[in-house]
Amino acid sequence: MPDLRPILFFDSGIGGLSVLAPTRAALPLAPIVYAADNAFFPYGVKSEGEIAGRVPVLLGRLAERYRPRLVVIACNTASTIALGPVRAALDIPVVGTVPAIRPAALASRTRVIGVLGTDATVRQPYVDRLAAEYAADCLVLRHGSAALVALAEADLRGDATADAAYAAVLSGLLDQPGGDRIDTVVLACTHFPLVADRLAAVAPRPLHFVDGGPGIARRIVHLTQGQSWPATAAPGIAVFTGPIDPAPAFAASLARFRLERHERL
Ligand code: DGL
């Protein structure tokens, strides 16, 4: 009997698609449920208490409904605040998404790294610990941007977004003291890899962008080693806590990630 249990991805919106994509490439037969807490979007401007109170309960409901084999919190904000409580609440493996400071420190030549995340993520002690542990000899500059989250959502929905808006986000990082020496930028919000090409296009010099998606995909492959998968790939399910965006371009974008069924929680 094939194991039909899905992998459940969770984010506030569409950002987790940047983690789903490399996972799909590695595990093409994995049944997928992609949950977006769009009723409470955006997470990055919420308090620690709001996120820590909401995410474990919501994932408990989702786990009960979809019976996943593994949960991926494909959201840096939720992971850096609520990974511990979610793990305590669920009796299945939970993979989190934390800023890719380690690979960035390995790659940086100038030893000046930028961390671009949400406001909530960049102020977390979790980020201090990652910087101290993996980038102690680097200057780590941080910038929180709710604007870039909104730009990524708009882009996926098919709305036009202006180059100047992406340039303004990058300036928030590069214009800080020492920012002129940044050579590596951690995309510490899962929304951001979806618009990395737009950031690269307006960057005043070549920057190396790093995100956690490929590493998380490898971790999922490792944790599911030896498990069976259905013989053919089933359509993925996208589940929303709020109203489903009716824009045809939105549905088309989800279909590119093979999320063909849409549901409300
Ligand atoms: N995609 C999320 C993250 O990785 C959160 C974006 C938001 O809702 O503010 O942090």
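Just so we're clear, the structure is a prediction, and the values are computed from it rather than from any experiment. What's counted below: heavy atoms across the whole structure, side chains too, no hydrogens, waters or symmetry copies. As the structure lists them, so they are numbered: ligands from 1, and atoms in each ligand from 1.
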(request) Output the set of protein residues with a heavy-atom contact under 4.0 Å to ligand 1, ordered first by chain identifier and then by residue number. (result) D11, S12, F41, P42, Y43, G44, C75, N76, T77, T118, V149, C189, T190, H191

(request) For L90 and A63, work out which heavy atoms get closest and say how close. (result) CD2-CB, 4.0 Å

(message) Check the orientation of F240 and F250. Use parallel for under 30°, tilted for 30 to 60°, and perpendicular for over 60°.
(response) tilted

(message) Within this structure, what is the CG-OH distance for the pair L20 and Y34, rounded to the nearest 0.5 Å?
(response) 7.5 Å

(message) Between R142 and D128 (salt bridge meaning N to carboxylate O under 4.0 Å), is one present in this structure?
(response) yes

(message) Is there a continuous path of hydrophobic side-chain contacts, each under 4.5 Å between heavy atoms, that joins Y43 to V45?
(response) no

(message) As an exercise, state the distance from CG of L106 to CZ of R102, rounded to the nearest 0.5 Å.
(response) 6.0 Å

